Amino acid sequence: MSICQPRIEERQIDVAIIGDGNSRVAIDPSLVEQAIVNLLDNAIKYSDNAGRIEIDVNSGDSELVISVKDNGIGISNDHLPRLFERFYRVDQARSRALGGTGLGLSIVKHILQAHGGRVSVESLPGIGSTFRIHLPNNGV
Ligand code: ATP
Ligand code: MG
């Protein structure tokens, strides 16, 4: 959150961190931080000013799930299968104007693969998106 703070303030977005912080999984902290920052950066970019973002941490028996939920522009179903490909952008013109290269989500995918985990997405146009990173609970 502190990495994205200047843009959060500029856009007057309300970011809440909820959920429990008690689980322990073995991770590369700088890589997982980069994955979460990429998701948070997207949530800010593809939200209206004064939007709301929730970062939720949930530990289950087999995995730790960190979700980043926004109430921004959303993504229609037909784009979801290709979303994590390098350079894939839903709206070329809009993403270019926002300074995107289309690499963020493919980096997130590779970081999660390196952890034996995965990234998932649920989204509705006009309602918002939830991206989740799933980290296997390796009993640390
Ligand atoms: P970069 O991350 O390299 O700066 P980018 O943000 O355009 O560029 P990705 O992070 O890979 O690229 O995202 C790919 C595309 O998915 C984006 O261009 C955008 O169209 C869509 N997208 C990603 N996250 C969201 C979101 N939270 N809400 C709506 N659309 C999103
Ligand atoms: Mg991005």
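In this text the structure is predicted, and so the values were computed from the model without any measurement. Note that ligands are numbered from 1 as they come in the structure, with each ligand's atoms numbered from 1 the same way.
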Note the single closest protein heavy atom to [atom], along with its residue, its atom name and the distance in Å.
| atom | answer |
| --- | --- |
| atom 12 (O) of ligand 1 | G102 CA, 3.1 Å |
| atom 4 (O) of ligand 1 | K45 NZ, 3.3 Å |
| atom 18 (O) of ligand 1 | S95 OG, 2.8 Å |
| atom 27 (N) of ligand 1 | D70 OD2, 2.9 Å |
| atom 23 (C) of ligand 1 | N42 ND2, 3.6 Å |
| atom 21 (C) of ligand 1 | V90 CG2, 3.9 Å |
| atom 30 (N) of ligand 1 | I75 CG1, 3.4 Å |
| atom 7 (O) of ligand 1 | Y46 OH, 3.1 Å |

Which ligand 1 atoms, with their elements, are less than 4.0 angstrom from a heavy-atom of [X]?
| X | value |
| --- | --- |
| L83 | 16 (O) |
| T101 | 1 (P), 3 (O), 4 (O), 8 (O) |
| Y88 | 14 (C), 15 (C) |
| L105 | 9 (P), 10 (O), 11 (O), 13 (O), 14 (C), 23 (C) |
| G104 | 1 (P), 2 (O), 3 (O), 9 (P), 10 (O), 11 (O) |

With a 4.5 Å heavy-atom cut-off, do [X] and [Y] have their side chains touching?
| X | Y | answer |
| --- | --- | --- |
| C4 | V37 | yes |
| V15 | I55 | yes |
| L83 | F131 | yes |
| I133 | V32 | yes |

| query | In this structure, are over 12 heavy atoms from other groups packed under 6.0 Å from Q5 atom CD? | reply | yes

| said: With a 6.0 Å cut-off (strictly less than), is the heavy-atom count around CZ of R86, excluding the residue itself, greater than 12? | reply: no

Looking only at heavy atoms of [X], does any of them come nearer than 4.0 Å to an atom of ligand 1?
| X | result |
| --- | --- |
| N38 | no |
| H79 | no |
| F84 | no |

N/O donor to acceptor pairs below 3.5 angstrom from side-chain atoms of residues 120-128, sequence neighbours left out:
{"unit_1": "S120", "atom_1": "OG", "unit_2": "H134", "atom_2": "NE2", "d": "2.8"}
{"unit_1": "E122", "atom_1": "OE2", "unit_2": "R132", "atom_2": "NH1", "d": "2.9"}
{"unit_1": "S123", "atom_1": "OG", "unit_2": "I75", "atom_2": "N", "d": "2.8"}
{"unit_1": "S123", "atom_1": "OG", "unit_2": "G128", "atom_2": "O", "d": "3.2"}
{"unit_1": "S123", "atom_1": "OG", "unit_2": "S129", "atom_2": "OG", "d": "2.8"}

| task | Could you tell me whether the Mg ion (ligand 2) has an N, O or S atom of N42 under 2.8 Å away? | result |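 True for N42.
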
| task | Any pair with a residue in residues 101-113 that passes side chain to side chain donor-acceptor pair (under 3.5 Å), sequence neighbours left out, goes on the list, sorted by first then second residue, please. | result | none

| Hey, does the side chain of N38 reach the backbone of G104 with a donor-acceptor pair shorter than 3.5 angstrom? | yes

| request: Run the salt-bridge test on R52 and E54 with the 4.0 Å N-O cut-off and return the result as yes or no. | output: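 Yes, this pair counts.
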
| message | Regarding E85 and R82, does a basic nitrogen lie under 4.0 Å from an acidic carboxylate oxygen? | response | yes

| For L103, is at least one N or O under 3.5 Å away from an N or O on ligand 1? | yes

